[in-house]
Amino acid sequence: MGQVDALATLRIRSENTTIDELCAVPVTDEFMNRLAASPTASVALQMYAQRVLSGGARWNDIELWANPVPPEVAELKASPRHEWLYCPVAKPTPPDEPARALTYGSVFRRGEIVGPSDDDDDDNPPRSWLV
């Protein structure tokens, strides 16, 4: 009797399923380009599409690099009619640049402000211990 009930449940579920639920539209680069070109696209999506077209960004990274993230992204991810294919990867951190030596004893690191020093020997290089 349990199998008959299970079959009846499956039949009811299949009758209530729409075709749209069975055929999810994959979200691809081409889909995103068409969406961004539509007259109803948000300004954020249009601006990111310009970055993609110029080669400065990829659709795959929209969740990481778009600021603000276009509202269409959340709508597409939540939609049962669309299959979000993009997987966000952790934002890469920029590598630290090594310190560069500029003159004797002075070191410049990115972000530091270099100004006059209190040393009176700035004009004369240090004397070698060999002399």
Side-chain angles (χ1 to χ4, degrees):
M1 204 51 146
Q3 292 177 346
V4 174
D5 291 337
L7 184 60
T9 303
L10 286 174
R11 184 181 58 81
I12 292 169
R13 285 184 186 163
S14 65
E15 288 174 354
N16 292 334
T17 302
T18 63
I19 297 296
D20 292 338
E21 292 174 359
L22 297 175
C23 302
V25 177
V27 177
T28 61
D29 291 354
E30 181 182 342
F31 180 88
M32 292 301 289
N33 285 328
R34 284 188 286 131
L35 182 62
S38 72
T40 59
S42 67
V43 174
L45 186 64
Q46 292 172 356
M47 290 179 63
Y48 194 80
Q50 289 175 353
R51 289 176 55 194
V52 170
L53 290 175
S54 69
R58 300 178 316 160
W59 285 115
N60 192 39
D61 300 327
I62 190 168
E63 293 178 274
L64 300 174
W65 300 111
N67 189 13
V69 176
E72 291 90 344
V73 172
E75 292 171 12
L76 289 170
K77 289 178 77 174
S79 171
R81 295 191 61 214
H82 296 91
E83 181 183 3
W84 186 258
L85 300 177
Y86 302 123
C87 298
V89 180
K91 231 181 203 183
T93 57
D96 292 333
E97 289 187 18
R100 296 179 288 160
L102 298 177
T103 60
Y104 298 104
S106 67
V107 176
F108 176 77
R109 289 183 178 80
R110 174 170 262 170
E112 287 185 3
I113 298 174
V114 178
S117 64
D118 294 334
D119 295 337
D120 293 333
D121 298 333
D122 287 344
D123 297 331
N124 301 324
R127 293 180 46 161
S128 172
W129 59 276
L130 296 173
V131 178

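Computed from a predicted structure; not experimentally measured. When a residue number appears, it is its place in the shown sequence, counting from 1.
- Rounded to the nearest 0.5 Å, atoms OG1 (T28) and CG (N60) are 12.0 Å apart.
- No path of Ile, Leu, Val, Met, Phe, Trp and Tyr side chains, each step under 4.5 Å between heavy atoms, connects L85 with L64, placing them in separate hydrophobic clusters.
- Closest heavy-atom contact between A49 and A36: CB-CB, 3.5 Å.
- Atom CE of residue M32 and atom OH of residue Y86 lie 6.0 Å apart, to the nearest 0.5 angstrom.
- Panel note: side chain T9, backbone D5; a donor-acceptor pair is recorded below 3.5 Å.
- Between the CG atom in L7 and the CD1 atom in I12 there is a gap of 10.0 Å [rounded to 0.5 Å].
- Residues L45 and M47 do not share a hydrophobic cluster, defined by chaining ILVMFWY side chains whose heavy atoms lie under 4.5 Å apart.
- Cluster annotation: L35 is connected to W65 through the hydrophobic network of ILVMFWY side chains, with a link wherever side-chain heavy atoms come within less than 4.5 Å.
- Atom CD of E30 has 12 or fewer heavy atoms from other residues, nucleotides or ligands within 6.0 Å.
- Across I62 and V69, no two heavy atoms sit closer than the pair O-CG2, 4.4 Å.
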Please lay out, stage by stage, how W59 and Y48 fare under the test ring-ring contact (aromatic ring centres under 6.0 Å, His included).
-> CA-CA 8 Å; W59 285 115; Y48 194 80; 5.6 Å; yes

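- A distance-only check finds no donor-acceptor pair linking the side chain of E72 to the backbone of A41 [under 3.5 Å].
- Here the shortest heavy-atom pairing between L76 and F31 reads CD2-CE2, 3.9 Å.
- P70 and A66 get closest at one heavy-atom pair: CD-CB, 3.8 Å.
- Partners of S54 under the side-chain contact (heavy atoms from CB on, under 4.5 Å) rule, at least two apart in sequence or in another chain, do not exist in this structure.
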